[in-house]
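Okay, so here's the structure we're looking at.
Since the structure is predicted, the reported quantities are computational estimates derived from the model, not experimental observations. Quick note on labels: first sequence line is chain A, next is B, and so on, each numbered from 1.
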There are 2 protein chains.
Amino acid sequence: MDADTALATLAALGHETRLTAFRELVQAGTEGLAVGELRERLGAPGATLTAHLNTLRAADLVIDQREGRVIRVRANYAQMNGLIDYLTENCCAGGGNCAPVSSCKPSKRGKKT
Amino acid sequence: MDADTALATLAALGHETRLTAFRELVQAGTEGLAVGELRERLGAPGATLTAHLNTLRAADLVIDQREGRVIRVRANYAQMNGLIDYLTENCCAGGGNCAPVSSCKPSKRGKKT
DNA sequence: TCGATATTTCCAGAATTATGGAAATATCGC
DNA sequence: GCGATATTTCCATAATTCTGGAAATATCGA
C-alpha cells in the first residue's frame, strides 16, 4: 500500500460514524449488512450514511453488492490488512524499535496501553 | 486501547502533513528530531507545524522533551502499537476472516495490495 | 539584563468536511 | 406500467479544521 492510499484509509477511519460503521461490518462477518440495516444500527439519516459510505468506498474499505433493491455492504479485510501492514512498516522502519513480532503477538492484544 | 483513543489516533494520522511528520520521526529513530529540524524537512511555517504537533501530542503519538531552547520530538511507538492492536482486533473480531497471524507475517509486509 | 534563538499561543480568514431534506434512480412484485 | 421500497445524488447550510502572520513565552550565552 502506498502512502496516499494509507492516508485516505486513515482519514476515512478517523471519523466516529465511519469507524463505528466499519466495526459493525466487521462484526457482521462475511455476510455484511444491508445499507438499511446499517442505517438502523447507527441511527443516521440515509443521506448522511451514504456520504460516509462513499468515503469508505473511496478508501476501498468496504465492498458492496446489489441484491435487488438492497445493497449489501461488507468490510474489505484485505484493505484493513494493507493498512496494518503499512503502519507496521512505519512503526518498525528505521529504528527497529517495535518489531512486528512484538506488535503482533496475540497475547499482547487487549492490553491497556 | 479504547475506541475513543483509536479514533483520535486515526484522525491525527489522517492528514498528509501529520502522517509525513510521524514517518519522519519514526525514521529518525529513538533520538527523534528537534522541532526546527522537522520544520525544515516539512517546509511548513512554525505555527502550522505547532498546530499539527499539538494534534499528534493530544493523540499521544509523539513525546517531546525540552533540551534548552530546543524541543526534541520522538514518535511514541507504544501508541502506534496500541493502534495496530486495535485495528487487528477490529479486523479479526467476529468473522475470523483475517487472523493476526496472516496480517502480521513479516514475509507479507511490503506486498502490493 | 540584554539580544538572539526556538517554539508556542493567539487569532481570524480560508478551506474543507459533515449534515440532512428533497428529489432522483433502481429494482421489485403485481 | 404502477406503486412500494431501498438507496443515492443534489444542494445548501452548518460545523469543523487548516493555515500562517504577529505577538508572546522560554531559554540561552555574554
Item checked: Short N-O contact, A:R74 and A:D64, less than 4.0 angstrom -> no
Next item on the list: Please report the closest heavy-atom contact between A:L7 and B:L13, naming both atoms and the distance.
Entry: CD1-O, 3.8 Å
Check: Taking five pairs at each end, how big is the angle between the two axes of the helix from C:dT1-D:dA30 to C:dC30-D:dG1, to 10°?
Finding: 30°
Next item on the list: Tell me, please, which residues at least two apart from B:R72 pass side-chain hydrogen bond (donor to acceptor under 3.5 Å, both in side chains).
Entry: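 With neighbours one apart ignored, the set is B:E67.
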Check: By side-chain hydrogen bond (donor to acceptor under 3.5 Å, both in side chains), which residues pair with A:E37, not counting sequence neighbours?
Finding: A:R41
Next item on the list: Could you pull out all residues at least two apart from B:D2 that satisfy side chain to side chain contact (heavy atoms under 4.5 Å, CB included)?
Entry: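 B:D2 satisfies side chain to side chain contact (heavy atoms under 4.5 Å, CB included) with B:D4, B:T5 once adjacent residues are dropped.
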Next item on the list: Name all residues meeting the side chain to side chain contact (heavy atoms under 4.5 Å, CB included) criterion together with B:D60; count only those two or more places apart in sequence or in a different chain, and write none if there are none.
Entry: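 By the side chain to side chain contact (heavy atoms under 4.5 Å, CB included) rule, B:D60 matches B:N76, B:Q79.
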Notebook entry, point to check: Step by step, would you call A:R23 with A:T20 a side-chain contact (heavy atoms from CB on, under 4.5 Å)?
Noted result: CA-CA 5 Å; A:R23 299 225 296 155; A:T20 303; 5.7 Å; no
Next item on the list: For nucleotides 3-21 of chain C, just jot down a letter per nucleotide in 5' to 3' order: B, S or -, based on protein non-hydrogen atoms under 4.0 Å.
Entry: -BBSSBB--------SBBB
